[in-house]
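Keep in mind that this is a model prediction, so the values were computed, not measured. Just so you know, ligand 1 is whichever comes first in the structure, and atom 1 is the first atom listed for that ligand.
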Amino acid sequence: MKQAKIRCPYCHAQAVLRPSAAVYQDKAQPGRHLYVCARYPRCDSYVGAHEGTLLPMGTLANGDLRNKRIQAHRAFNRLWESGAMKKWQAYKWMQAKFGLNSGQAHIAMFSEFLCDQLIAECDKVAINMRLTA
Ligand SMILES: [Zn+2]
């Protein structure tokens with residue numbers, strides 16, 4: 001199995017491609033993989049891998065950052081799940097808002113700072129558009 005060479009941004013250890021069961025145990029989705037810090041669980045840092053390519057979806061994240069990314073996804077998905085915009089329009093909006101290209105406009109690559117910025121911007125849109133979803 002070929003794996004991308006990425007490092008943990010917290011402790012700089014190599015990230016190792018492992019089945020998601022290594023972290024999620026019985027809650028794991030079969031066939032899914034994660035890049036997990038070699039020092040896991042002492043260093044609680046990992047990120048999902050794309051199903052087909054096994055490339056990392058973003059940068060490794062600790063518990064706080066994973067939480068932020070979940071919140072950011074929730075705020076962002078609301079924009080298109082509500083029907084206020086199409087999914088691709090929401091991504092275009094995100095790119096324009098933060099000056100990102102399409103390769104960078106992925107919440108799995110976002111820092112806590114950028115997650116906070118995105119949540120705030122999504123909330124503004126939601127209020128302007130009176131989204132209740
Ligand atoms: Zn680490």
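The only member of Y10, Y35, Y40 that meets side chain to side chain contact (heavy atoms under 4.5 Å, CB included) when paired with S45 is Y10.
The pair E112-K68 fails the salt-bridge criterion, with no side-chain N (NZ, NE, NH1 or NH2) lying under 4.0 Å from an Asp/Glu carboxylate O. A salt bridge does not link R78 with E81: every distance from a Lys NZ or Arg NE/NH1/NH2 to an Asp or Glu carboxylate oxygen is 4.0 Å or more.
Listing protein N, O or S atoms at distances below 2.8 Å from the Zn ion (ligand 1), with waters left out, gives C8 SG, C11 SG, C37 SG, C43 SG.
For the residue pair R66/Y46, the side-chain donor-acceptor check at 3.5 Å is satisfied.
If you take CG on L114 and CG on L100, they are separated by 6.0 Å, rounding to the nearest 0.5 Å.
With hydrogens and angles ignored, the 3.5 Å screen pairs no side-chain donor or acceptor of R18 with any backbone N or O of L34.
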